[in-house]
Amino acid sequence: MSTDNDMPQQGGARDEVILEVRDVVVRFGKNTILDHLNLDVRRGEILGFVGASGAGKSVLLRTVLGLIPRVGGTIRMFGQDLATVSDADRVKIDMRQGVLFQHGALFSGLTVLENIQVPMREYLNLPKKLMDELALLKLELVGLPRNAAHKFPSELSGGMIKRAALARALSLDPDIVFLDEPTSGLDPIGAAEFDELVAQMRDTMGLTVYMVTHDLDSLLSVCDRIAVLGNKKILVEGTVEEMMASEEAWVKAYFRGKRARTIVQPGPPTEKMYGN
Amino acid sequence: MQLDIDEGRNGTATEAAFHLSEVDGVMTCELSGDWTTHTVGEVDREFRQLESREGFSALHLDLSGIRYIDTAGAWLIARMIQRQEKQGTKVEISRQSEAASILLSAVAETADNPDVPEDASRRFNPLGVFEAVGRGVFLLRSDIIYGLHILGATVGGAQMKLGGKQSINPNAIVSQIDRMGVKAIPIVVLMSAIVGAIIAQQGAFQLRYFGAEIFVVDMVGILVLRELGVLLTAIMIAGRSGSAITAEIGTMKMREEVDALTVIGLNPLGVLVFPRLVALVIALPCLTIIANFAALGGAILVSWTYSDITPAAFIERMRTAIDLTSIFAGLIKAPFMAMIIGIIASVEGMKVGGSAESLGERVTASVVKAIFIVIVLDGFFAIFYAQIDF
């Protein structure tokens, strides 16, 4: 076996671009939603994605996932062009990504444990007992109680559905997870816990996170980089500090508006500030 | 930039493996290869055997050979540590990578109690049969009561929850009649015409032996008008509109739209069920009349081609064979059947739970129950008519 030195770095190099979006154009009929949009997501980072409602955040996410066809441009994931990738490679890419849809999208006819096992069942040939254990492990990793294992999605609260959906997204230990408004509908404490969880996953598993969110708290506390979508492309991209310095009208209103100031500059000092 | 898709994790991933060696009661286990979700399935069984193995005082896990590790690999190792320590073995890990130690601490908590909780609802219960029967009986009772509630609410009209404004919406009723009645005409006509033709043909062949072919008119006339016209139409509507009602109400129930109606102060039964039920009660008799015409039309055509009974002769014979009671004996049944289809469909729709599966179950139940009850009801009507000589 190799020595410690020439072992490949687990999870690959930090600066490696996992997801590369170039000149992507999406149209619905005559209505252009995304116009020559460019975006890079690097390994091991948490990218926060913001934009006004209806700006096309979900459209971009769904385009990247291949759920919406694009008119032009290329999307590369793990270095593979998604337009020309073979079916076999496409499956490999699917196995390395996890998605948390906005409303969870848990399969309503399956229990939480079975939901988490769906990708394992589909792609891998694991013994039943090991699958049960791994699903339970994922369940506890996302902070769900054990007794939720055999519940059906209709018996879960909104926050639990999000967590269970995250557990399913993490089922195969993916390299990248896409989170669509993961903290919307959660109470502030639950949302903060969720953010911490995401940061912890990034630290433990080297997970890359692409997070569409409106939650200023999550943006400020866990995101390494923020991208702002507006005017059919990325308006600004950078760290929280860069966002603060931006003169773009929408960005200014968002990060330096009245609401933001109360979070960014709270009266009494709090612990949670610029997480990174 | 071209990265290798197979890098590390997938295609070129090396298998997970471990090698055991025992020296002076110290078992050394050297792990090598990729220990990821994709690869650990192969070693899980052997590794599990090692977990319960006894006869050594210390276990030394050497993780230096591991190339990649993820939570699944960490899980196997953490499980091993937990099980062996429980047996009193001293477990030591060495030369782990940074990633491995982070992952091991992340999964440690779950590994302290690695057994998956049992699903109480799936445990075998010898009394389950009785339980199921009991549940079924009580469910039937609540179904019937709920059905009567719907009937009552329909008689009461589409009122607000607190009474007051009578808000019958004629537009809703008309649009439902259009969907359930008018749009069903083509299929009802086609089906009835074919059935009428088949009966006429078969009847004519049998009656020919007795030289009584003309009596095929009596047979078809009475059979179609009293029984088949209404029964076939009701079955078709139960499949076509009953399922639609269940699916619509069920989906609204799933998305809390029914709850929204209640909270706004409307009576969901009044708003959702009432127009559909009224529409069905109007549409089904009308469709029955059309079906009767279509079936007789089919019979006329076939009698003409196979038995040389001209349409004029057919109609002439029909005048003596049937009277108004034959027509009404069939038609009277239609509103009752419409009621049953509508009520069963609504009850089943309201019973839809949270899952897509339950929606499918309820739609199936709705159609099956409606058709069954419609046929049973038809039988009761036949007995009733015989008793009163109608």
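Just so we're on the same page: letters track the sequence lines, and every chain starts at 1.
Crowding of B:Arg45 atom CZ: a count of heavy atoms from other residues, nucleotides or ligands under 6.0 Å not exceeding 12. Residue-environment remark: CZ (B:Arg53) stays at or below the threshold of 12 foreign heavy atoms within 6.0 Å. Within 6.0 Å of CD on A:Glu155 lie more than 12 heavy atoms contributed by other residues, nucleotides or ligands. No more than 12 heavy atoms of other residues, nucleotides or ligands shown are found within 6.0 angstrom of CD1 on A:Ile189.
Within the 4.5 angstrom heavy-atom criterion, atoms from both the backbone and the side chain of A:Lys129 approach chain B. Of the atoms belonging to A:Leu139, not a single heavy atom falls under 4.5 Å from chain B. In this structure, chain A has a heavy atom under 4.5 Å from the side chain of B:Arg79, while its backbone stays farther away. Heavy atoms closer than 4.5 Å to chain B are found in both the backbone and the side chain of A:Leu137.
For the pair B:Asp44 and A:Leu126, the minimum side-chain heavy-atom distance is 4.5 Å or more. With contacts defined as side-chain heavy-atom distances shorter than 4.5 Å, the pair B:Trp75/A:Leu130 qualifies.
Interatomic distance, CZ of A:Phe152 versus CD of B:Glu357, reported as 7.0 Å (0.5 Å rounding). Put simply, NE2 on B:His38 and NZ on A:Lys92 are 11.0 Å apart, with the number rounded to the nearest 0.5 Å.
Ranked by heavy-atom pairs under 4.5 Å with chain A, the first of B:Glu42, B:Met254, B:Arg48 is B:Arg48. Ranked by non-hydrogen atom pairs under 4.5 Å with chain B, the options A:Pro127, A:Pro153, A:Ala135, A:Ser171 are led by A:Pro127.
A donor-acceptor distance shorter than 3.5 angstrom exists from the side chain of A:Ser108 to the backbone of B:Ala356, with no hydrogens or angles considered. A side-chain donor-acceptor contact under 3.5 Å links A:Asp173 to the backbone of B:Thr71.
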Side-chain donor/acceptor pairs under 3.5 Å, residues 85-92 of chain B, sequence neighbours excluded:
{"unit_1": "B:Gln87", "atom_1": "NE2", "unit_2": "B:Glu51", "atom_2": "O", "d": "3.2"}
{"unit_1": "B:Thr89", "atom_1": "OG1", "unit_2": "B:Gln84", "atom_2": "O", "d": "3.3"}
{"unit_1": "B:Thr89", "atom_1": "OG1", "unit_2": "B:Gln84", "atom_2": "OE1", "d": "2.9"}

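Partners of A:Tyr210 according to the ring-ring contact (aromatic ring centres under 6.0 Å, His included) rule, which considers only residues two or more places apart in sequence or in another chain, are A:Phe49, A:Phe178.
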